[in-house]
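Here is the structure we will look at.
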Amino acid sequence: MRQLIVDTETTGLDPEDGHRIIEFAALEMIDRKLTGNSLHLYINPERLIDPEAIRIHGITDEYVKDKPTFSQVVKDIVAFIAGAELIIHNAKFDIG
């Protein structure tokens, strides 16, 4: 069984307010054993990060300004997670 431990960081708390992912991280496990395979990306959200979010995760506008945009990395994310069971840290928030 292939599982991924997934976490994200965002520009703020509410995707309905246009908040976006700025960090995506996933660790792969097969049969409940870490494989060493992972995907870790910082993403330019093409918007400012809320100061409260910066206080929580420490990722600044300056840090992500030269990173790829979501549209540039979404295929990599989808390919990596395809067919895996996702184990998501703070899932209720991250699913939004």
Side-chain angles (χ1 to χ4, degrees):
M1 171 187 278
R2 182 170 181 259
Q3 298 172 303
L4 297 175
I5 302 167
V6 177
D7 192 22
T8 63
E9 298 298 346
T10 63
T11 59
L13 297 176
D14 191 350
E16 291 185 18
D17 284 340
H19 290 289
R20 299 179 178 180
I21 294 173
I22 55 174
E23 183 180 23
F24 175 88
L27 301 173
E28 180 185 66
M29 293 191 307
I30 295 181
D31 297 327
R32 299 257 184 207
K33 294 185 175 108
L34 290 171
T35 66
N37 195 15
S38 64
L39 180 64
H40 184 221
L41 302 166
Y42 288 101
I43 301 165
N44 178 337
E46 301 178 290
R47 63 159 288 157
L48 294 176
I49 302 169
D50 282 0
E52 181 63 25
I54 294 171
R55 282 192 285 280
I56 292 168
H57 51 57
I59 301 168
T60 64
D61 297 307
E62 181 69 22
Y63 186 75
V64 296
K65 75 178 183 181
D66 64 344
K67 305 302 186 237
T69 62
F70 188 78
S71 64
Q72 293 171 310
V73 299
V74 67
K75 287 182 183 178
D76 296 329
I77 294 170
V78 170
F80 190 77
I81 67 174
E85 175 185 25
L86 303 182
I87 302 168
I88 304 173
H89 175 263
N90 199 11
K92 184 176 180 183
F93 175 78
D94 285 349
I95 292 299

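Just so you know, these numbers come straight off a predicted model, no measurement behind them.
Distance check, rounded to the nearest 0.5 Å: CD1 of Ile30 to CG of Asn37 gives 8.0 Å. The distance from the CG atom of Asp7 to the CZ atom of Phe24 is 9.5 Å, given to the nearest 0.5 Å.
Clustering of Ile, Leu, Val, Met, Phe, Trp and Tyr side chains at separations under 4.5 Å places Val64 together with Ile22, Tyr42, Ile49, Ile54, Ile59, Tyr63. When hydrophobic side chains of Ile, Leu, Val, Met, Phe, Trp and Tyr are connected at separations under 4.5 Å, Leu34 ends up clustered with Ile5, Leu27, Met29, Ile87. If you chain together ILVMFWY residues whose side-chain heavy atoms come under 4.5 Å of each other, Leu48 ends up in a group of its own.
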Is there a side chain to side chain contact (heavy atoms under 4.5 Å, CB included) between His19 and Thr11? Walk through the geometry before answering. CA-CA 5 Å; His19 290 289; Thr11 59; 2.9 Å; yes
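Residues passing the salt bridge (charged side-chain N to carboxylate O under 4.0 Å, His left out) test with Asp61, sequence neighbours excluded: none. With sequence neighbours left out, Arg55 forms a salt bridge (charged side-chain N to carboxylate O under 4.0 Å, His left out) with Glu52. In this view, Glu23 satisfies the salt bridge (charged side-chain N to carboxylate O under 4.0 Å, His left out) rule with no residue, not counting sequence neighbours. By the side-chain hydrogen bond (donor to acceptor under 3.5 Å, both in side chains) test, Gln72 pairs with Thr69, sequence neighbours left out. Under the side-chain contact (heavy atoms from CB on, under 4.5 Å) criterion, Asp66 pairs with no residue, sequence neighbours left out.
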Could you pull out all donor-acceptor pairs under 3.5 Å where a side-chain atom in residues 75-86 meets a protein atom, sequence neighbours excluded?
{"from": "Glu85", "atom 1": "OE1", "to": "Gln3", "atom 2": "NE2", "distance (Å)": "2.7"}

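Counting all heavy atoms, side chain and backbone alike, Pro45 lies closest to Ile21 at CB-O, 4.4 Å.
Sorted by first then second residue, the salt bridge (charged side-chain N to carboxylate O under 4.0 Å, His left out) pairs that include residues 28-45, not counting sequence neighbours, are Arg2-Glu28. Sorted by first and then second residue, the salt bridge (charged side-chain N to carboxylate O under 4.0 Å, His left out) pairs with a member in residues 35-48 read Arg20-Glu46, Arg47-Asp50; sequence neighbours excluded.
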